[in-house]
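The block underneath contains the structure these notes are about, expressed in structure tokens.
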Amino acid sequence: MKGAKPKLGLVVPMKGERAEAPEAPDWMTVDGRAVWDRLAPELYRRQRLEAHFHELFVGYCEEVAVYMAMTKDIAENGISYETGAGRNGNQQRQRPEVAIRKAALDQMMRLSALFGFSPVDEKRLASGGQGD
């Protein structure tokens, strides 16, 4: 045919047709990257992982990684330790990993709401707001 060759960059993809999910940033931890690789394709398919959300999603993935690491540590070492014979005698104290895990879970819950990870949040995001 005569005329200019078509440029594929100008072709508008059909609805529902999207490129592959973006790669995880290089600066993420190994465990955080594993979370990204597991969840990013589905979020991207649902159009909830646009470029301006990447850093928030990195935050979520890293909080999941911290939560998993602290849970593993608690499973191996327990939730408390003994102080030993001191001024106040032998006491049982909560290990710092328990508080770190709780903080990571709290942050995971806050960030997950932004991406619609719970059924309530998913319905909220799917509703599209109140309109005009």
Side-chain angles (χ1 to χ4, degrees):
M1 284 207 301
K2 296 184 179 190
K5 301 276 184 208
K7 296 180 182 173
L8 293 179
L10 299 177
V11 176
V12 178
M14 294 180 67
K15 189 173 183 174
E17 191 179 310
R18 297 192 75 181
E20 289 186 27
E23 292 289 321
D26 294 337
W27 43 269
M28 289 181 71
T29 62
V30 173
D31 291 337
R33 183 182 292 271
V35 175
W36 176 290
D37 292 341
R38 182 170 52 89
L39 298 177
E42 180 64 18
L43 284 177
Y44 190 70
R45 186 185 69 75
R46 294 179 182 212
Q47 298 182 349
R48 294 184 188 159
L49 189 56
E50 304 305 326
H52 53 285
F53 298 139
H54 287 188
E55 285 76 19
L56 277 175
F57 188 59
V58 167
Y60 174 80
C61 294
E62 294 298 338
E63 290 298 331
V64 172
V66 169
Y67 181 82
M68 292 185 318
M70 294 303 103
T71 300
K72 181 180 177 186
D73 188 271
I74 291 168
E76 292 172 357
N77 300 310
I79 62 170
S80 63
Y81 66 96
E82 294 185 1
T83 61
R87 187 176 72 184
N88 297 323
N90 191 16
Q91 298 178 349
Q92 282 222 323
R93 299 260 171 106
Q94 178 177 296
R95 296 183 66 236
E97 289 81 358
V98 175
I100 295 170
R101 181 176 74 167
K102 183 184 181 317
L105 180 61
D106 290 343
Q107 194 65 2
M108 282 169 49
M109 290 174 64
R110 280 189 207 97
L111 291 172
S112 69
L114 301 174
F115 295 101
F117 286 165
S118 77
V120 171
D121 295 323
E122 186 170 2
K123 286 206 182 286
R124 178 183 52 80
L125 289 175
S127 71
Q130 294 180 349
D132 290 337

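Numbers for residues simply follow the sequence, beginning at 1. Basis for what follows: all heavy atoms, side chains included, without hydrogens, waters or symmetry-related copies.
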Partners meeting salt bridge (Lys or Arg N to Asp or Glu O under 4.0 Å) with E122 (sequence neighbours left out):
R46
With sequence neighbours excluded, residues passing salt bridge (Lys or Arg N to Asp or Glu O under 4.0 Å) with K102
D106
Running the 4.5 Å side-chain criterion over Ile, Leu, Val, Met, Phe, Trp and Tyr, what cluster does [X] land in, apart from itself?
| X | value |
| --- | --- |
| Y81 | none |
| I79 | I74, V98 |
| V120 | none |

Could you tell me which non-hydrogen atom of [X] sits nearest to which non-hydrogen atom of [Y], and how far apart they are?
| X | Y | result |
| --- | --- | --- |
| A21 | P41 | CB-CA, 3.7 Å |
| Q91 | R93 | OE1-NH2, 2.8 Å |
| N90 | T83 | OD1-N, 3.6 Å |
| L125 | A113 | CD1-O, 4.4 Å |
| G32 | A65 | N-CB, 3.6 Å |
| L49 | P22 | CD2-CG, 4.3 Å |

I need the [X] [atom1] to [Y] [atom2] distance, nearest 0.5 Å.
| X | Y | atom1 | atom2 | result |
| --- | --- | --- | --- | --- |
| L111 | E63 | CG | CD | 7.0 Å |
| R95 | S80 | CZ | OG | 9.0 Å |
| E97 | M70 | CD | CE | 6.0 Å |
| F57 | L43 | CZ | CG | 5.0 Å |
| F115 | L56 | CZ | CG | 5.0 Å |

Does the [X] side chain pair with the main chain of [Y], one donor and one acceptor, at a distance under 3.5 Å?
| X | Y | answer |
| --- | --- | --- |
| R101 | D73 | no |
| R33 | P25 | yes |
| E62 | M28 | no |

Please answer: with hydrophobic residues joined when any side-chain heavy atoms are less than 4.5 Å apart, are W27 and V30 in the same cluster?
no
Do the side chains of V66 and F117 join up, straight or via other hydrophobic residues, at under 4.5 Å, putting them in one cluster?
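The answer is no; the residues belong to distinct hydrophobic clusters.
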Once side-chain hydrogen bond (donor to acceptor under 3.5 Å, both in side chains) is applied, what residue pairs with a partner in residues 109-121 remain, sequence neighbours excluded?
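Found Q107-R110, S118-D121.
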Run the side-chain contact (heavy atoms from CB on, under 4.5 Å) check on L39 and Y60 step by step: do they pass?
CA-CA 11 Å; L39 298 177; Y60 174 80; 3.8 Å; yes
E23 atom CD, neighbour heavy-atom count above 12 within 6.0 Å:
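Result for CD/E23: open.
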